[in-house]
K.L.:
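Below are the structure tokens for one structure; questions will follow.
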Amino acid sequence: LTGEAMDEERTFAELHNKKHESGLAALHVYKMYLAYIMNQYEVASDIAEKTRLWTKRGNIFLFSQQCFYDGLSSLANAQEGAWCQRKKRRKHLSTAKKAIKFMKKLARLCPETYLHKVFLLEAEFAAAKGNLDDAIPMYQCSTSMADREGFLHEKALACERAGLAASRSGDSLRSVTFLSQAIEAYSEWGACAKVDQLRARFPDQCSSTIGNIEETTTS
């Protein structure tokens, strides 16, 4: 979190000196969010573990964000980590189950804000179990709901995760489709670093999308 906008070390020091727990929790949650978005899943899970008690004592928004990305990070690690580490994988899946249970409670109270998050978590859980056919409709529900309710960044995220799941299973057609949608949504959101990351990682899948974006921008 260090750059033109802020200095992480100085900001954390100031908040520690003031014993500002909610401020510390917020910064850790945003740091976890950035780590997850940039595919640093182990880092995101480590931060999530440190912030569980802080965010639980804070406001519902921070706690829901922490819970959501805690679950997503755990599921990403379960999918992309070594399958032989069974104890670690079980721990990740257990964390994800708790996140899904809590987000479902919130979705019953406010489906406009939380239901697409539930679908994304459940899609990721199915993908972690190797059930891509079950996961794809849930990814699609998540992207359409996020788009309808104005959560552009979470639409992009759901498209990306669907594309990665399809890629791992060897479904290149679905992978190209979802990753192209992710690139478009991230571009619209203004996440230039994320767009560059996806372009570098998937040059073939993203080549047609890049042309479409550039054509739209210049027209």
K.L.:
Can you tell if the side chain of Arg161 reaches within under 4.5 Å of the side chain of Phe178, non-hydrogen atoms only?
P.N.:
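Not touching, per the 4.5 Å side-chain cut-off.
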K.L.:
Kindly list each side-chain donor-acceptor pair under 3.5 angstrom involving residues 141-153, sequence neighbours excluded, with atom names and distances?
P.N.:
residue	atom	partner	partner atom	Å
Ser142	OG	His116	O	2.9
Thr143	OG1	Tyr139	O	3.4
Thr143	OG1	Gln140	O	2.9
Ser144	OG	Gln140	O	3.1
Ser144	OG	Cys141	O	3.1

K.L.:
Would a 4.5 Å heavy-atom cut-off, applied to side chains only, mark Val29 and Tyr69 as touching?
P.N.:
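Of all side-chain heavy-atom pairs linking Tyr69 with Val29, none is under 4.5 Å.
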K.L.:
Looking only at heavy atoms, which two atoms of Ala48 and Gln66 are closest? And how far apart?
P.N.:
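Looking at all heavy atoms of both residues, the closest pair is O-NE2, 2.9 Å.
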K.L.:
Less than 3.5 Å apart, any donor N or O on the side chain of Glu160 or Tyr186 sitting next to an acceptor on the other?
P.N.:
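Short answer, yes.
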K.L.:
Going by ring-ring contact (aromatic ring centres under 6.0 Å, His included), name the residues that satisfy it together with Tyr114, two or more places apart in sequence or in a different chain.
P.N.:
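Applying ring-ring contact (aromatic ring centres under 6.0 Å, His included) to Tyr114 gives none.
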K.L.:
Is the shortest side-chain heavy-atom distance between Glu154 and Phe68 below 4.5 Å?
P.N.:
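Side chain of Glu154 against side chain of Phe68, heavy atoms only: contact under 4.5 Å found.
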K.L.:
Looking only at heavy atoms, which two atoms of Ile47 and His28 are closest? And how far apart?
P.N.:
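So the two residues come closest at CG2-O, 3.3 Å.
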K.L.:
Between the main-chain N or O of Gly163 and the side-chain N or O of Ser167, is there a donor-acceptor pair closer than 3.5 Å?
P.N.:
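Not confirmed, Ser167 side chain does not pair with Gly163 backbone.
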K.L.:
So, using side chain to side chain contact (heavy atoms under 4.5 Å, CB included) as the criterion, who are the partners of Ala166 when residues are at least two apart?
P.N.:
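With neighbours one apart ignored, the set is Asp171, Arg174, Ser175.
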K.L.:
Less than 4.5 Å apart, side chain to side chain, heavy atoms only: is that true for Arg201 and Leu164?
P.N.:
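Heavy-atom side-chain distance check passes, below 4.5 Å.
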K.L.:
Measure the shortest side-chain to side-chain distance between Met38 and Leu34 over non-hydrogen atoms and say whether it is less than 4.5 angstrom.
P.N.:
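Sidechains of Leu34 and Met38: no contact.
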K.L.:
Is the shortest side-chain heavy-atom distance between Glu124 and Lys129 below 4.5 Å?
P.N.:
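Sidechains of Lys129 and Glu124: no contact.
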K.L.:
Would you check if Asp70 and Thr51 make a side-chain contact, meaning some heavy-atom pair closer than 4.5 Å?
P.N.:
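No; the side chains remain at least 4.5 Å from each other.
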K.L.:
May I have the step-by-step check of salt bridge (charged side-chain N to carboxylate O under 4.0 Å, His left out) for Lys104 and Glu122, ending in yes or no?
P.N.:
CA-CA 10 Å; Lys104 281 183 173 179; Glu122 291 189 323; 3.0 Å; yes
K.L.:
Can you name the side-chain hydrogen bond (donor to acceptor under 3.5 Å, both in side chains) partners of Lys155, sequence neighbours left out?
P.N.:
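None.
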K.L.:
For Lys88, enumerate each residue passing the salt bridge (charged side-chain N to carboxylate O under 4.0 Å, His left out) test, keeping only those at least two apart in sequence or located in another chain.
P.N.:
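Residues passing salt bridge (charged side-chain N to carboxylate O under 4.0 Å, His left out) with Lys88: Glu42.
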K.L.:
Does any pair with a residue in residues 94-113 pass ring-ring contact (aromatic ring centres under 6.0 Å, His included), and if so which ones, sequence neighbours excluded?
P.N.:
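Residue pairs with at least one partner in residues 94-113: Phe63-Phe102.
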K.L.:
Give a yes or no on whether Glu188 atom CD has more than 12 heavy-atom contacts from other residues, nucleotides or ligands under 6.0 Å away.
P.N.:
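Counting neighbours around CD of Glu188, 12 or fewer heavy atoms of other residues, nucleotides or ligands fall under 6.0 Å, so no.
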K.L.:
Would a distance-only check, ignoring hydrogens and angles, find a side-chain to backbone donor-acceptor pair under 3.5 Å from Asp134 to Ala126?
P.N.:
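No, Asp134 side chain to Ala126 backbone: no donor-acceptor pair under 3.5 Å.
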K.L.:
Measure the shortest side-chain to side-chain distance between Tyr36 and Val43 over non-hydrogen atoms and say whether it is less than 4.5 angstrom.
P.N.:
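No - every pair of side-chain heavy atoms lies 4.5 Å or more apart.
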K.L.:
Looking only at side chains, do Lys194 and Asn39 share a donor and an acceptor under 3.5 Å apart?
P.N.:
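Yes, because at least one side-chain N or O of Lys194 sits under 3.5 Å from a partner of the opposite role on Asn39.
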